[in-house]
Amino acid sequence: MARILVISPSGEVYDHDNVRWYRHADLQSHINHYHNIGDAFVFDSSLKLLNFEKLEELPITRIDPQQIDRLNAEFDYVFLRGSNYVHAEMNWSRTAEVLRRLKLPVIALGIGAQAPVSGKLELSEDSKTVLKLIADSTASVGVRGTYSAEVMNELGIRNVRIIGCPTAFRNNRPDLAIRLPALDTVKQVGVTLRREVSKHYAKDIKRYLNVHRDLVKAMAERFEVTLMSQGEVEEKKLALGTPEQKQEGMAALRENGWATAWYLDERMDALYRDRLFYSDVVAEYEQLVRRLDLVLGYRLHGNLMALANGTPSIYFTYDSRTVEFAETFKIPSFDVFGDKPFSLEKYWDQALFDRFNAAYARTYGAMSSFLSENKVDHKMVRPTAAAPSAPPAPESERKVA
């Protein structure tokens, strides 16, 4: 089995391939710190697809020639945890220097590009260098969807495969399919929360938060609802904090101008006090979604965790990342900035989820082929069909072998 390095692991590993946040037993050490536990979902899911005997983090903030010599001797490959790395503000630290010295392939497990709200995506020269070093080290680069593939293509990186995200395949079920029960049998519903959002992601913060609030309240009126947070400090304090920290969390929300104007009203206040869920352990999120009849909302990986466990999910899309995921997997999705109100009945349509079922099977095959193409020892079933590539380059730009 393989000996692997990981860039940006996002959590501590226990029991070989399970992930929880660092210093899990000491919540107070990081309760005032924001981290997106969804990144840990991706790390945990990646490990569950790989056969390996040894795992270590690749340091990218310092250069130690002796250490790099050891890593070259002791490890087989590096994997870059899938995430939103391709954007204008990305800081790679000293990754380029490290990769130039490291003589190991770097497996990109579903990296993605983030389109700005307006204008063209502009990448730093450092980002371009790192991405090209990664591409040159392997047979192919795994990206999450078509937009990310197009961005790579514009950089001259042609060996791209669209593989979605490891979270979708964490249970290694090539035959996974969503089958909708009758809507009147649905009782337990999870709403994935993303209250904090940047103007660089959402073009209209007021509408974003208004739609978010209305979704939570509408689901709470019809179902037993669980509000699934993923790391915002105030929500974390309300879910897991001491009585004093719960008060601090609510006070901070009331002092937040966006929250008080567009999100937090009397009903939301009550739901936040009684229905919030947060955990530092990926397995506990998985246990939750398995108990739910439906998960919907704003969190990319929270929704995908539900789908990976056979629980229907509906995406609320508001930026290029969420749109790209929904397009890659053909997940039923509601445009937050569209001109129509959300109706659950409209989305409770097996034909919509059959599109997801077919796309999931194709993308599972693409991920399996991608890993095999890069000579990665993995647990996925090897499909007979070849993995789909990125959209081809214009004929004038194609290289002749």
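Predicted model, so just to flag it, every value in this text is computed and none were measured.
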Q: Does the side chain of K48 come under 3.5 Å of the side chain of N18 through a donor N or O and an acceptor N or O?
A: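 Result is yes, a qualifying pair exists.
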Q: Kindly state each residue pair satisfying ring-ring contact (aromatic ring centres under 6.0 Å, His included) with at least one member in residues 86-117, sequence neighbours excluded.
A: Y85-W92
Q: Please determine whether the number of non-hydrogen atoms from other residues, nucleotides or ligands lying under 6.0 Å from atom NZ of K346 exceeds 12.
A: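 At most 12 heavy atoms, drawn from other residues, nucleotides or ligands, come within 6.0 Å of this atom.
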Q: Using the side chain to side chain contact (heavy atoms under 4.5 Å, CB included) rule, take M228 and L193 through it: C-alpha gap first, then chi angles, then the decisive distance, then the call.
A: CA-CA 6 Å; M228 301 166 61; L193 304 178; 5.9 Å; no
Q: Would L109 and L371 count as a side chain to side chain contact (heavy atoms under 4.5 Å, CB included) if you check the C-alpha gap in whole Å, the side-chain angles of each, and the deciding distance to 0.1 Å?
A: CA-CA 9 Å; L109 267 176; L371 293 173; 3.9 Å; yes
Q: Just checking, any donor-acceptor pair under 3.5 angstrom between side chains of T192 and N303?
A: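 Per modelled atom types, T192 and N303 side chains form a pair under 3.5 Å.
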Q: With sequence neighbours excluded, what pairs up with L240 under the side chain to side chain contact (heavy atoms under 4.5 Å, CB included) test?
A: L27, Y278
Q: Could you give me the CA-CA distance, side-chain angles and deciding distance for L5 and L104, then say whether side chain to side chain contact (heavy atoms under 4.5 Å, CB included) is met?
A: CA-CA 10 Å; L5 295 165; L104 298 174; 3.9 Å; yes
Q: Do Q28 and Q245 have side-chain atoms, one donor and one acceptor, less than 3.5 Å apart?
A: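 A pair is found: one side chain offers a donor N or O, the other an acceptor, under 3.5 Å apart.
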Q: Working note: K103 + D69, criterion salt bridge (Lys or Arg N to Asp or Glu O under 4.0 Å); need CA distance, chi angles, decisive distance, verdict.
A: CA-CA 9 Å; K103 305 305 180 184; D69 288 344; over 6 Å; no
Q: Would you call R195-E232 a salt bridge at under 4.0 Å N-O?
A: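 E232 and R195: not salt-bridged.
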Q: Would you say NZ of K206 has more than 12 non-hydrogen atoms from neighbouring residues, nucleotides or ligands within 6.0 angstrom?
A: no
Q: Could you tell me whether Y201 and Y318 have their ring centroids closer than 6.0 angstrom?
A: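 No, ring centres 6.0 Å or more apart.
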Q: Ion pair present between R23 and E12, side-chain N to carboxylate O less than 4.0 angstrom?
A: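 Not counted as a salt bridge, because no side-chain N and carboxylate O are separated by less than 4.0 Å.
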Q: Quick one: does K246's side chain have a donor or acceptor within less than 3.5 Å of a partner on L238's backbone?
A: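 Side chain of K246 to backbone of L238, a donor-acceptor pair under 3.5 Å: yes, one is there.
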Q: Under 3.5 Å, is there a donor on one side chain and an acceptor on the other for N72 and R101?
A: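 No donor-acceptor contact under 3.5 Å links the two side chains.
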Q: Passes salt bridge (Lys or Arg N to Asp or Glu O under 4.0 Å), D204 versus R207? Steps please.
A: CA-CA 6 Å; D204 183 341; R207 178 166 177 80; over 6 Å; no
Q: Do other residues, nucleotides or ligands put more than 12 heavy atoms under 6.0 Å from the CZ atom of R3?
A: yes
Q: Can you list the steps and then say if E284 with R20 is a salt bridge (Lys or Arg N to Asp or Glu O under 4.0 Å)?
A: CA-CA 10 Å; E284 292 181 0; R20 60 195 175 200; over 6 Å; no
Q: Would you kindly say whether T146 and E327 are connected by a side-chain donor-acceptor distance under 3.5 Å?
A: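 Checked: T146/E327 side chains show no N/O donor-acceptor pair below 3.5 Å.
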Q: Taking the six-membered ring for Trp and the single ring otherwise, decide whether the centroids of Y22 and H35 are under 6.0 Å apart.
A: no
Q: Keeping W21 on the side-chain end and S10 on the backbone end, is there a donor-acceptor pair under 3.5 Å?
A: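 No.
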Q: Whether the side chain of Y360 engages the backbone of A308 through a donor-acceptor N/O pair (distance < 3.5 Å, no angle test) should be reported.
A: no
Q: Can T260 and R254 be counted as having a side-chain donor-acceptor contact under 3.5 angstrom?
A: no
Q: State whether the number of non-hydrogen atoms from other residues, nucleotides or ligands found under 6.0 Å of E345 atom CD is greater than 12.
A: yes
Q: Assess whether side chain to side chain contact (heavy atoms under 4.5 Å, CB included) is satisfied between S124 and D126, documenting all intermediate values.
A: CA-CA 5 Å; S124 69; D126 188 44; 3.8 Å; yes
Q: Using 4.0 Å as the upper bound for N to carboxylate O, is an ion pair formed by R267 and D214?
A: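 No, D214 and R267 are not salt-bridged.
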Q: Between R321 and D319, does at least one N-O distance fall below 4.0 Å, as a salt bridge requires?
A: yes
Q: Compute whether any side-chain donor of one residue and acceptor of the other, for D293 and Q188, lie under 3.5 angstrom apart.
A: no
Q: Is the centre of the F316 ring less than 6.0 Å from the centre of the F342 ring?
A: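 Close enough - the centres of the two rings lie under 6.0 Å apart.
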Q: With the threshold set at 4.0 Å, does a side-chain nitrogen-carboxylate oxygen contact exist between R94 and E97?
A: yes
Q: Judged by modelled atom types alone, do N36 and H301 share a side-chain donor-acceptor pair under 3.5 Å?
A: no
Q: Mind telling me whether Y272 and Y263 have parallel, tilted or perpendicular rings, with 30° and 60° as the class edges?
A: perpendicular
Q: Tell me which one of F334, W258, Y298, W262 satisfies ring-ring contact (aromatic ring centres under 6.0 Å, His included) with H212.
A: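 Per the ring-ring contact (aromatic ring centres under 6.0 Å, His included) rule, the option paired with H212 is Y298, out of F334, W258, Y298, W262.
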Q: I want to check something: taking the side chain as every heavy atom from C-beta on, are I162 and T363 in contact at a cut-off of under 4.5 Å?
A: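 The answer is no, as the side chains (C-beta and beyond) never meet within the 4.5 Å cut-off.
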Q: Could E286 and R291 be called an ion pair, given the rule that one side-chain N must be under 4.0 Å from one carboxylate O?
A: no
Q: Just so I know, are the side chains of L47 and V19 near enough to count as touching, which here means a heavy-atom distance under 4.5 Å?
A: yes
Q: Assess whether salt bridge (Lys or Arg N to Asp or Glu O under 4.0 Å) is satisfied between D265 and K217, documenting all intermediate values.
A: CA-CA 10 Å; D265 60 17; K217 292 164 66 174; 2.6 Å; yes
Q: Between K128 and E125, does at least one N-O distance fall below 4.0 Å, as a salt bridge requires?
A: yes
Q: Charged N to carboxylate O below 4.0 Å: is that the case for E154 and K120?
A: yes
Q: Strictly by modelled atom types, are K237 and N32 linked by a side-chain donor-acceptor pair under 3.5 Å?
A: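 Yes, a side-chain donor-acceptor pair sits under 3.5 Å.
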